[in-house]
There are 2 protein chains.
Amino acid sequence: MLTPDIYTQIRESLSAHGLKVTPQRVAIYGDVLQSIEHPTAEQVFANISTTHPGISLGTVYKTLDSLSEKGLIKKVKTGAGIQRFDARHENHHHLFCQKTQKIIDYTDPELEQLIASYFQKKKIQNFEVSGFELNINGEQIKTQPNN
Amino acid sequence: MLTPDIYTQIRESLSAHGLKVTPQRVAIYGDVLQSIEHPTAEQVFANISTTHPGISLGTVYKTLDSLSEKGLIKKVKTGAGIQRFDARHENHHHLFCQKTQKIIDYTDPELEQLIASYFQKKKIQNFEVSGFELNINGEQIKTQPNN
DNA sequence: GTGTCTGCAAAGAATTTGCAAATCA
DNA sequence: TGATTTGCAAATTCTTTGCAGACAC
């Protein structure tokens with residue numbers, strides 16, 4: 001659950017990016033922000049339908065689009081034909097679990113630094129690098145539960 | 001243009017993966033192999049329609065699916081809701097041009113080595129890494145033409 | 001007030017599915 | 001011959017669009 005104070009930040013952020021502050025937008029942005037699931041439009045819609053019964057799926061699509069246009073959220077690069085969204089701003093990477101199809105955030109300043117410094121010294125011909133994300137493929141493994 | 005000998009390899013490869021060798025499959029796999037564009041199903045369909053006038057788009061979808069199931073090709077992770085395919089086997093990464101939406105292959109053994117050795121020493125909790133791809137975002141820049 | 005945003009429903013893409021006929025092994 | 005694969009068309013799924021009324025500023 002998000003604290004009220006975060007909703008204040010959401011409102012300010014929308015406003016600062018020239019987007020009118022509507023309950024729908026606050027709810028949608030808030031949901032993506034708090035979600036660790038990298039939700040699809042449908043999932044966001046399902047999540048906020050409980051608190052915003054009247055909301056329409058079209059609005060969710062439009063809003064996710066506006067938010068990603070303004071850079072408040074990002075479209076996650078997946079190999080499937082469905083779009084998923086991510087609201088984290090810091091550089092981070094994604095673990096793709098091939099078994100469960102889950103996408104898990106992965107952050108490590110060391111990795112960040114490692115790749116960034118690679119690009120600093122290595123210039124790619126005819127291409128100006130503005131950022132990067134690492135897709136890490138593999139499988140989630142269960143730790144032995146202590147029964 | 002692919003040499004006839006590569007078509008032989010395609011046939012053997014299909015066969016070795018338990019897929020029956022049909023003209024359609026050979027054409028589709030061949031097209032993805034030779035394409036540097038990371039084509040969509042529609043693009044493959046358009047490309048091979050000239051040489052295989054009767055082919056159906058549904059077949060292209062089914063075949064791309066079979067091929068990627070067998071690991072002969074891969075679905076490229078993009079941020080858009082359209083699937084694109086890649087037939088390269090060696091580890092390689094992708095440059096995403098934000099201006100033209102083009103996807104360009106990028107290979108560098110040094111980068112490969114850099115990240116691989118990172119994962120060797122750094123274990124991620126509850127996750128077994130089987131591979132990785134780096135998405136490099138930025139813009140293609142024109143080299144000054146010598147006018 | 002005025003321009004933007006929402007909800008709805010319809011349209012449009014992209015992809016999948018079912019099945020009879022054709023094809024490969 | 002028998003199992004797979006194809007082509008076709010219909011069905012689904014995902015996403016976008018247009019527009020009238022509602023809302024934010």
Side-chain angles (χ1 to χ4, degrees), chain A residues 7-8 10-32 38-46 48-49 51-70 72-73 75-85 101, chain B residues 7-8 10-32 38-46 48-49 51-70 72-73 75-85 101:
Chain A
Y7 281 110
T8 305
I10 289 176
R11 286 192 190 87
E12 282 170 2
S13 183
L14 288 172
S15 206
H17 286 84
L19 297 171
K20 293 200 168 167
V21 178
T22 68
Q24 293 88 339
R25 283 183 174 161
V26 174
I28 291 167
Y29 189 16
D31 185 71
V32 181
H38 305 79
T40 64
E42 293 274 359
Q43 284 167 346
V44 173
F45 175 68
I48 63 180
S49 280
T51 46
H52 291 74
I55 202 164
S56 118
L57 182 56
T59 299
V60 175
Y61 274 104
K62 281 176 195 164
T63 300
L64 290 171
D65 235 52
S66 309
L67 294 176
S68 89
E69 223 168 74
K70 298 294 182 183
L72 296 176
I73 65 176
K75 298 184 177 180
V76 180
K77 291 193 171 71
T78 70
I82 306 178
Q83 293 178 199
R84 298 174 65 164
F85 299 86
Q101 308 303 325
Chain B
Y7 282 109
T8 306
I10 289 176
R11 287 192 191 86
E12 282 169 3
S13 184
L14 289 172
S15 206
H17 287 83
L19 297 172
K20 294 202 169 168
V21 177
T22 68
Q24 293 89 338
R25 282 184 175 161
V26 174
I28 291 166
Y29 188 16
D31 185 71
V32 180
H38 305 78
T40 63
E42 292 274 0
Q43 284 167 345
V44 173
F45 175 68
I48 63 179
S49 279
T51 47
H52 292 73
I55 202 164
S56 119
L57 182 57
T59 299
V60 174
Y61 273 105
K62 282 177 195 164
T63 299
L64 289 171
D65 235 52
S66 308
L67 293 177
S68 89
E69 224 168 72
K70 298 293 181 182
L72 295 175
I73 66 176
K75 298 185 176 180
V76 180
K77 290 193 171 73
T78 72
I82 306 179
Q83 295 181 196
R84 297 174 67 165
F85 298 87
Q101 307 302 326

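Just so it is clear, the structure is predicted and the values come from calculations on it, not from any experiment.
- Going from atom CZ of F45(A) over to atom C1' of dT6(C) covers 13 Å, rounded to whole Å.
- Considering CZ of R84(B) and CD of E42(B), their distance stands at 13.0 Å, rounded to 0.5 Å.
- With R25(B) as the fixed residue, the side chain to side chain contact (heavy atoms under 4.5 Å, CB included) test singles out one of T63(B), L67(B), L72(B), T59(B): T63(B).
- Interatomic distance, CG of L64(A) versus CD1 of I28(A), reported as 6.0 Å (0.5 Å rounding).
- Comparing T40(B) and R25(A) along DNA chain C, the residue whose closest nucleotide (by nearest heavy atom) sits nearer the 5' end is R25(A).
- Smallest separation of non-hydrogen atoms from I55(B) and S49(B): CG2-OG, 4.2 Å.
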Short N/O separations, protein against nucleotides 22-24 of chain C, under 3.5 angstrom:
| unit_1 | atom_1 | unit_2 | atom_2 | d |
| --- | --- | --- | --- | --- |
| dC24(C) | O2 | K20(B) | NZ | 3.3 |

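- Rounded to the nearest 0.5 angstrom, I82(A) CD1 and Q83(B) CD are separated by 9.0 Å.
- When rounded to the nearest whole Å, the span between OH of Y29(A) and P of dC5(C) equals 16 Å.
- Protein chain B contacts DNA chain D from dG2(D) to dC8(D), reading 5' to 3' and using non-hydrogen atoms of the protein with a distance under 4.0 Å.
- Residues G79(A) and K77(B) approach most closely at N-CG, 3.5 Å, considering heavy atoms.
- In this entry the distance linking CD1 of I28(A) with C1' of dT6(C) reads 10 Å, nearest Å.
- Taking NE2 of H17(A) as the start and OG of S66(A) as the end, the distance is 12.5 Å to the nearest 0.5 Å.
- Where S15(B) and K75(B) each meet DNA chain C at their nearest nucleotide, the meeting point lying more 5' is that of K75(B).
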Set out, line by line, the N/O atom pairs under 3.5 Å between protein and nucleotides 12-14 of chain C.
none

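- Rounded to an integer number of Å, the gap from CG of L19(A) to P of dC5(C) is 6 Å.
- Taking OG1 of T40(B) as the start and CZ of F45(B) as the end, the distance is 11.5 Å to the nearest 0.5 Å.
- With values rounded to the nearest 0.5 angstrom, H38(B) atom NE2 is found 12.5 Å from F85(B) atom CZ.
- Listed here is the closest heavy atom pair of I10(B) and G30(B): CD1-CA, 3.5 Å.
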